[in-house]
There are 2 protein chains.
Amino acid sequence: MSQRFFQLNMQFTRTFRKKLNEHLVEVGLYYSQWSIVYYLKQCGSATLVEITNYLDVEKPTISRTVKRLEEQQLIERLPSEDKRERKMQLTKKGLEMYEKAYDVVNKFEQSLLAEIPETEMEASFRTIQQLRDKLK
Amino acid sequence: MSQRFFQLNMQFTRTFRKKLNEHLVEVGLYYSQWSIVYYLKQCGSATLVEITNYLDVEKPTISRTVKRLEEQQLIERLPSEDKRERKMQLTKKGLEMYEKAYDVVNKFEQSLLAEIPETEMEASFRTIQQLRDKLK
DNA sequence: CCTAAAAAGTTACCTAAGTAACTATATACC
DNA sequence: GGTATATAGTTACTTAGGTAACTTTTTAGG
C-alpha cells in the first residue's frame, strides 16, 4: 500500500503539471514560470536565492527560468546594495500576466477539487506536509 | 488552502525523487529506471506501449530509458510476432538489480512513513487517486 | 487484393530539474 | 589591512519529461 502511494503520487504530479501546462498555453506561460510569478506577487520582490529557498529548486534551474521571464519582460531587476544579488520584481506586464494566469490555474484546480470532501483534503495536506518535513 | 496543496505536493515529489535518486546511486540506478524495472518484475514482460500506459509517460521518454536499461544489460528483447513492437523482460542481472534496488526504495519509503497514522495515509491515497482519475 | 488508416517505435528538439565547477562580491578574522 | 571563507549567481553538462513529425508494420474496408 505504502509503495503504491508514492508511485501514484509521482504519476499524479506528472500528469497534473502536463495538463496545467496545456491550460497555461493560452496565456503563454509554463508552470515553472507561474510558480515564480506567483511568489513575486506575494512578496513584492526577491533575490534568486530567496526564490530558490521558497520553491526548493536548485539555483541553476531558477537562474534559467528567471532569465526567460526577464526576456519576456514579465519581471525586472531592482537596484541593490549587494552587487552579487539580483533582486527581481514583477513589471506592469508581469502583473497583468499574474491576473490572467491566476484565473487559469484557479479554475483548473477548483475543477479537480470539486466533490472531494474537505476533511479528506485536510488529511492529505497534513500527510504531504509531514512527509516533506521528514525529507528535509 | 487548495492552492497550497498542489504547490506543496509538487514540491514534495520533486524533493522525494531527488532524495531517492541519492539513495539509488549506491546500486547504480535512477528512479525513472527503477519504475520500469519494477513494472517488468511484476508483469514478466511488456512492450514499450504497455510500459507507457502503466507509467503514464510518453513514448519517447520510455524509449530512451529502455534503451539505457538495455545498454546496462538489465533488460533484453523478446522475440515477438508483431514486428513493430519491442517486448522486453528483465535479464538475470536485471533481476539481481531489482532485489538490491527494492531494498533501497523500501527502506527509504518506510523511513518516511514511520509515525504517520494509517488512516491519514489511506485518506491521502484516496484523495490522490480521485484527483488522478479526474485528470484522465 | 490493394489502399487507407491505425499502431509501435524512433528522431529531433523543447522545457525542467539536477550536480559540479566556476566568477565575483561580501564578510570574518588574524 | 590583508587573506581566507562564505555567499550569489552563472556555465556546462547530465537525466527526465513533453510535442511533432517521421518510418515501419499491421489492420480494416472497398
Side-chain angles (χ1 to χ4, degrees), chain A residues 7 9-25 28-37 45-72 75 77-88 135, chain B residues 7 10-25 28-37 45-72 74-75 77-88 135:
Chain A
Q7 213 175 328
N9 199 19
M10 294 298 274
Q11 191 202 304
F12 165 67
T13 52
R14 210 161 42 221
T15 311
F16 175 85
R17 170 188 284 272
K18 189 173 156 185
K19 296 283 180 184
L20 186 45
N21 270 333
E22 285 171 16
H23 283 88
L24 281 171
V25 158
L29 219 57
Y30 287 99
Y31 177 76
S32 60
Q33 298 177 315
W34 161 250
S35 62
I36 292 178
V37 167
S45 70
T47 65
L48 298 214
V49 163
E50 285 167 344
I51 299 174
T52 284
N53 290 334
Y54 173 72
L55 296 178
D56 196 31
V57 167
E58 297 299 321
K59 286 191 294 180
T61 305
I62 298 298
S63 182
R64 178 171 26 80
T65 309
V66 159
K67 198 175 178 181
R68 282 186 200 139
L69 286 170
E70 204 175 4
E71 282 164 5
Q72 291 179 254
I75 66 177
R77 197 167 175 168
L78 274 179
S80 166
E81 293 194 8
D82 190 331
K83 282 176 190 168
R84 290 172 303 176
E85 64 183 21
R86 288 179 65 188
K87 216 172 180 66
M88 310 301 296
L135 278 181
Chain B
Q7 213 175 329
M10 294 297 275
Q11 191 202 304
F12 164 68
T13 53
R14 211 162 40 222
T15 311
F16 175 84
R17 168 188 286 272
K18 189 172 154 187
K19 297 283 180 185
L20 186 44
N21 270 333
E22 284 170 16
H23 283 88
L24 281 171
V25 158
L29 219 57
Y30 287 100
Y31 176 77
S32 60
Q33 299 178 316
W34 161 250
S35 63
I36 292 178
V37 167
S45 71
T47 65
L48 299 214
V49 164
E50 284 166 344
I51 298 174
T52 284
N53 290 333
Y54 174 71
L55 296 177
D56 197 30
V57 167
E58 297 300 321
K59 285 191 293 180
T61 305
I62 299 297
S63 182
R64 177 167 26 80
T65 309
V66 159
K67 198 176 178 180
R68 282 185 200 143
L69 286 170
E70 204 175 3
E71 283 164 5
Q72 290 179 255
L74 297 172
I75 66 178
R77 195 166 176 171
L78 275 179
S80 165
E81 293 193 7
D82 190 330
K83 283 176 190 167
R84 290 172 306 177
E85 65 183 23
R86 289 179 65 186
K87 216 172 180 66
M88 310 300 296
L135 278 181

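On a predicted model such as this, the values are computed, not experimentally measured, just so you know. Just so you know, these numbers use all the heavy atoms, side chains as well, and skip hydrogens, waters and symmetry mates. In the text below, chain A, chain B and the rest are named by the order of the sequence lines, each starting its count at 1.
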Check: Is A:Arg64 side chain donor-acceptor paired with the C:dA17 base, going by distance under 3.5 Å alone?
Finding: yes
Next item on the list: Would you kindly compare A:Glu22 and B:Thr65 by the position of their nearest DNA chain D nucleotide and give the one closer to the 5′ end?
Entry: B:Thr65
Notebook entry, point to check: Any side-chain heavy atom of B:Thr47 sitting closer than 4.5 Å to one from B:Glu50?
Noted result: yes
Check: Over how many whole Å does the gap from A:Ile51 atom CD1 to C:dA17 atom C1' extend?
Finding: 16 Å
Check: Do you know which two heavy atoms are closest between A:Gln33 and A:Gln72, and how far apart they sit?
Finding: NE2-OE1, 3.0 Å
Margin query: So A:Lys19 and A:Glu22, do their side chains get closer than 4.5 Å, heavy atoms only?
Written below: yes
Notebook entry, point to check: For the side chain of B:Arg14, counting heavy atoms from C-beta on, which of D:dT10, C:dA16, C:dG18 is nearest?
Noted result: C:dG18
Note to self: Just the rounded figure in Å: distance from C1' of D:dG9 to CG of A:Asn53.
What the structure shows: 14 Å
Notebook entry, point to check: So which nucleotide from D:dA16, D:dT11, C:dA16 ends up closest to the side chain of B:Arg68?
Noted result: D:dA16
Note to self: Tell me the closest heavy-atom pair linking B:Met88 and B:Leu48, and the distance in Å.
What the structure shows: CG-CD2, 4.2 Å
Notebook entry, point to check: Whole Å only: how far is the CZ atom of A:Arg86 from the C1' atom of D:dG9?
Noted result: 8 Å
Checklist line | Least distance between heavy atoms, A:Met10 atom then B:Thr13 atom | finding: SD-CB, 3.8 Å
Note to self: Would you say that B:Trp34 contacts B:Leu20 through its side chain, given a criterion of any heavy-atom pair below 4.5 Å between the two side chains?
What the structure shows: no
Tabulate protein N/O versus nucleotide N/O from nucleotides 20-23 of chain D, keeping only pairs under 3.5 Å, one per line.
none

Margin query: Given 3.5 Å as the limit, does a donor-acceptor pair link the side chain of B:Thr15 with the main chain of B:Gln11, or not?
Written below: yes
Notebook entry, point to check: Should B:Thr61 be listed as having a side-chain N or O under 4.0 Å from OP1 or OP2 of D:dA16?
Noted result: no
Notebook entry, point to check: Which atom pair, heavy atoms only, marks the closest approach of A:Ile62 to A:Thr52?
Noted result: CG1-OG1, 3.5 Å
Next item on the list: Please report how far the helix from C:dC1-D:dG30 to C:dC30-D:dG1 bends, comparing the axis fitted to its first five pairs with the axis fitted to its last five, to the nearest 10 degrees.
Entry: 10°
Notebook entry, point to check: For A:Glu58, which contact category applies under a 4.0 Å heavy-atom criterion: base, sugar-phosphate, or nothing?
Noted result: base
Between the protein and nucleotides 22-25 of chain C, list the N/O to N/O atom pairs that are separated by less than 3.5 angstrom.
unit_1: C:dT25; atom_1: O2; unit_2: A:Arg84; atom_2: NH1; d: 3.3

Margin query: Below the 4.0 Å mark, does C:dA8 have OP1 or OP2 next to a side-chain nitrogen or oxygen of B:Thr47?
Written below: no
Notebook entry, point to check: Starting at NZ of A:Lys18 and ending at P of D:dA16, how long is that distance when rounded to a whole Å?
Noted result: 17 Å
Checklist line | Minimal non-hydrogen separation, B:Gln7 against A:Tyr54, with atom names | finding: NE2-OH, 2.8 Å
Item checked: Spacing between A:Tyr54 atom OH and D:dA8 atom P, to the nearest angstrom -> 19 Å
Notebook entry, point to check: Is there side-chain contact between A:Leu24 and A:Tyr30, with at least one heavy-atom pair below 4.5 Å?
Noted result: no
Margin query: Expressed as a whole number of angstroms, how long is the span from A:Gln33:CD to D:dG18:C1'?
Written below: 15 Å
Note to self: Measure CZ/A:Phe12 against C1'/D:dG17 and give the value in whole Å, please.
What the structure shows: 17 Å
Notebook entry, point to check: Can you find a pair of side-chain heavy atoms, one from A:Arg14 and one from B:Val57, that are under 4.5 Å apart?
Noted result: yes
Item checked: Spacing between B:Leu48 atom CG and C:dT11 atom P, to the nearest angstrom -> 12 Å
Notebook entry, point to check: Counting side-chain heavy atoms from CB outward, which of C:dG18, D:dG18, C:dG9 is closest to B:Glu85?
Noted result: C:dG9
Next item on the list: Considering non-hydrogen atoms only, spot the tightest contact between A:Arg17 and A:Ser32 and give its length.
Entry: NH1-N, 4.2 Å
